[in-house]
K.L.:
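What follows is a single structure, and I will ask about it in a moment.
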There are 2 protein chains.
Amino acid sequence: MEGRAARSVKKPAARHIPEATVARLPVYVRTLLGLADEKTSTISSERLAELAGVNAAQVRKDLSYLGSYGTRGVGYDVEYLLFQMSRELGLTHDWPVIIAGVGNLGRALANYGGFGERGFPVAALVDADPKKVGKAIGGIEIRHVDDLPDIVAEHHAAIGIIATPAAAAQDVADRMVAAGVSSILNFAPAIVTVPDGMSLRKVDLAVELQILSFYQQRRTEPDADRTVASAGGEG
Amino acid sequence: MEGRAARSVKKPAARHIPEATVARLPVYVRTLLGLADEKTSTISSERLAELAGVNAAQVRKDLSYLGSYGTRGVGYDVEYLLFQMSRELGLTHDWPVIIAGVGNLGRALANYGGFGERGFPVAALVDADPKKVGKAIGGIEIRHVDDLPDIVAEHHAAIGIIATPAAAAQDVADRMVAAGVSSILNFAPAIVTVPDGMSLRKVDLAVELQILSFYQQRRTEPDADRTVASAGGEG
DNA sequence: CGGACTTTGTGAACGCAGGCACGAGCGGGG
DNA sequence: CCCCGCTCGTGCCTGCGTTCACAAAGTCCG
Ligand SMILES: NC(=O)c1ccc[n+]([C@@H]2O[C@H](COP(=O)([O-])OP(=O)(O)OC[C@H]3O[C@@H](n4cnc5c(N)ncnc54)[C@H](O)[C@@H]3O)[C@@H](O)[C@H]2O)c1
Ligand SMILES: NC(=O)c1ccc[n+]([C@@H]2O[C@H](COP(=O)([O-])OP(=O)(O)OC[C@H]3O[C@@H](n4cnc5c(N)ncnc54)[C@H](O)[C@@H]3O)[C@@H](O)[C@H]2O)c1
């Protein structure tokens with residue numbers, strides 16, 4: 001119970017925030033931005049839960065990791081909560097990102113304005129194909145992947161996106177790390193490893209589709225060739 | 001990979017497979033495909049774990065949900081395991097997918113050959129913009145979103161991909177469900193809900209970047225305004 | 001000014017997932 | 001033919017995440 005001198009702006013002793021909570025914070029932020037737009041000043045955990053698609057107790061617990069920012073009997077102040085969450089997520093300043101691999105996907109990402117708006121401007125594009133180097137996408141010149149060290153230093157970029165073929169992914173990741181990037185988002189369908197202390201997240205569309213396929217099949221072909229069709233307790 | 005008279009081809013009473021395991025199966029499949037290509041006939045859980053980036057006990061437990069397909073002292077037969085996993089995931093036949101929203105992202109997805117190769121051919125593209133309807137991307141004509149019921153029936157498509165702006169996502173999802181789609185992959189940054197019994201997965205790039213931003217900030221700004229800098233036990 | 005009502009913050013219970021460790025089973029070598 | 005070494009399959013334990021339920025704490029209204 002330190003800080004909080006009539007709503008201090010200091011962080012309350014930064015406790016450990018569970019990974020699952022961290023993953024939901026951006027969803028809350030987005031929801032709150034929508035609410036702020038429509039001039040809603042206060043929100044209850046129940047309503048926020050509904051909008052964010054989670055359980056109300058979950059919302060309260062998640063928010064409680066950030067501090068006691070709610071008012072009992074009233075709810076949470078939208079603007080204030082937004083401020084606290086943005087700060088916690090590090091959204092108070094821009095994070096320039098570097099995209100490696102300017103093919104189908106890299107081009108779509110580079111052209112997409114949504115990242116810049118949300119504080120993740122595309123700072124640079126790199127590719128290994130000499131024919132692509134020198135061209136520009138969305139106003140950004142494509143540079144050679146060998147220049148990564150310079151580019152990273154130049155833009156103080158800490159976040160890299162890998163949109164190269166799978167075979168090149170680990171090499172590109174290594175180069176990024178060597179150049180000073182310490183957070184990587186990998187789109188290539190390959191297992192990439194980075195040194196301890198770095199962050200790596202992956203988005204694998206083929207995996208997503210295959211997961212859908214699994215459940216889809218279970219529905220359409222309930223127990224096609226199962227020997228015994230006992231009423232297995234399926235939640 | 002068919003026959004295999006000595007070993008029954010029947011599914012062993014299809015037990016319940018944990019969601020976390022289902023999410024890893026596609027990774028194993030991809031790894032095994034690579035091994036099959038290089039003529040590796042047998043693989044141990046330890047090596048597979050290494051290639052898939054997980055723990056060896058995890059691999060064994062995951063595979064044990066499918067049945068006892070390993071041979072003690074030897075390992076798993078690559079081809080056979082691949083066959084069993086493919087069947088479990090429903091990859092023995094193609095799953096045509098429908099992409100809604102042919103903008104930056106939709107176009108990249110439509111042009112990407114990887115899905116078709118992996119059994120998820122793009123069966124149709126739909127958009128609400130009359131200027132886009134009639135044009136073709138990657139050899140596939142763009143049709144109007146109003147035609148969804150016909151399109152779904154025509155292609156027996158059960159999987160839909162939403163690549164529209166967030167504001168349209170729920171509406172498109174509803175239309176897809178009404179048309180007979182029961183598995184949806186949503187790329188729009190919006191909370192979409194579907195009726196019970198349908199599958200919905202989301203890929204939200206902005207959320208991914210914000211998660212990276214969170215950990216990145218914690219690294220670069222270790223305890224900027226924390227009151228006490230105790231040696232917090234960070235795993 | 002007091003009481004009823006609302007909503008937060010959190011303790012406790014529960015279920016899922018991950019990892020260790022070890023017995024069981026198989027192949028290979030002597 | 002037997003024994004040894006290897007690897008699977010799984011029971012058990014631990015930790016994380018989710019949900020329930022309720023006391024605490026504030027607001028609002030009469
Ligand atoms: N396009 C999609 O919709 C889509 C969907 C799912 C997954 N993916 C994955 O995303 C990745 C990119 O897909 P894509 O369709 O854009 O592929 P692409 O072949 O169109 O583009 C790949 C780009 O990476 C460049 N590249 C190759 N090696 C490189 C290296 N070492 N360093 C830097 N750049 C290098 C190539 O020159 C090319 O420009 C692939 O791994 C793919 O599997 C793409
Ligand atoms: N492009 C990217 O790299 C990227 C990255 C992350 C997230 N996203 C998300 O993916 C979605 C699509 O992004 P984009 O860049 O392709 O957007 P875009 O604006 O380029 O394309 C959207 C398309 O959807 C169509 N559309 C609009 N309403 C529709 C409706 N009701 N039914 C069918 N089609 C409709 C539009 O006509 C347009 O062709 C957005 O939600 C975006 O936030 C895109």
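Not measured: the values here are computed from a predicted model.
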K.L.:
Between the base of C/dT7 and the side chain of A/Arg72, is there a donor and acceptor pair under 3.5 angstrom?
P.N.:
no
K.L.:
Of the nucleotides C/dT8, C/dG9, C/dG18, which has the atom closest to the B/Ala20 side chain?
P.N.:
C/dG18
K.L.:
Whole-Å distance between C/dT7 C1' and A/Lys61 NZ?
P.N.:
16 Å
K.L.:
Checking side-chain hydrogen bond (donor to acceptor under 3.5 Å, both in side chains) for the pair A/Ser199/B/Gln216: CA distance, chi angles, key distance, verdict?
P.N.:
CA-CA 8 Å; A/Ser199 298; B/Gln216 181 71 39; 5.8 Å; no
K.L.:
For the residue pair B/Ser183 and B/Arg201, confirm or rule out a side-chain donor-acceptor distance under 3.5 Å.
P.N.:
no
K.L.:
For B/Tyr76 and C/dC26, what is the distance between atoms OH and C1' respectively, to the nearest whole Å?
P.N.:
14 Å
K.L.:
Of all nucleotides in DNA chain D with an atom under 4.0 Å from a non-hydrogen atom of chain A, which is the first and which the last going 5' to 3'?
P.N.:
D/dG17 to D/dT27
K.L.:
Regarding A/Arg24, tell me which of base, sugar-phosphate or nothing describes its non-hydrogen contacts under 4.0 Å with the strands shown.
P.N.:
sugar-phosphate
K.L.:
Given B/Ser45, which of B/Arg60, B/Glu50, B/Gln58 fulfils the side chain to side chain donor-acceptor pair (under 3.5 Å) condition?
P.N.:
B/Arg60
K.L.:
Whole Å only: how far is the CG atom of B/Asp62 from the C1' atom of C/dC16?
P.N.:
13 Å
K.L.:
Begin from the C-alpha positions of A/Lys39 and A/Glu79 and carry the test salt bridge (Lys or Arg N to Asp or Glu O under 4.0 Å) through to its verdict.
P.N.:
CA-CA 10 Å; A/Lys39 309 275 184 266; A/Glu79 288 287 345; over 6 Å; no
K.L.:
Calculate the interatomic distance between A/Tyr65 atom OH and C/dT10 atom C1'; express it in whole Å.
P.N.:
10 Å
K.L.:
May I have the distance from B/Leu63 (atom CG) to C/dG18 (atom P), rounded to whole angstrom?
P.N.:
14 Å
K.L.:
Identify which one of B/Ile159, B/Leu200, B/Val97 satisfies the side-chain contact (heavy atoms from CB on, under 4.5 Å) criterion when paired with A/Leu212.
P.N.:
B/Ile159
K.L.:
How are the rings of B/His93 and B/Trp95 set relative to one another: parallel (under 30°), tilted (30 to 60°) or perpendicular (over 60°)?
P.N.:
tilted
K.L.:
Between A/Pro18 and B/Ala57, name the one whose nearest nucleotide on DNA chain D is closer to the 5' end.
P.N.:
B/Ala57
K.L.:
For A/Asn55 and C/dC14, give me the distance from atom CG to atom P, rounded to whole Å.
P.N.:
17 Å
K.L.:
For A/Asp77 and A/Tyr69, run side-chain hydrogen bond (donor to acceptor under 3.5 Å, both in side chains): C-alpha distance rounded to whole Å, both residues' side-chain angles, the deciding distance at 0.1 Å, then the answer.
P.N.:
CA-CA 8 Å; A/Asp77 181 287; A/Tyr69 298 144; over 6 Å; no
K.L.:
Taking the minimum atom-to-atom distance to the side chain of B/Thr71, which one of C/dT10, C/dC20, C/dC26 wins?
P.N.:
C/dC26
K.L.:
What is the separation between atom CD on A/Glu50 and atom P on C/dT7, rounded to the nearest whole Å?
P.N.:
13 Å
K.L.:
Does B/Arg60 make a side-chain N or O approach to OP1 or OP2 of C/dC22 shorter than 4.0 Å?
P.N.:
no
K.L.:
Take the protein atom CD of A/Glu46 and the nucleotide atom P of C/dG9, then report the distance between them rounded to whole Å.
P.N.:
15 Å
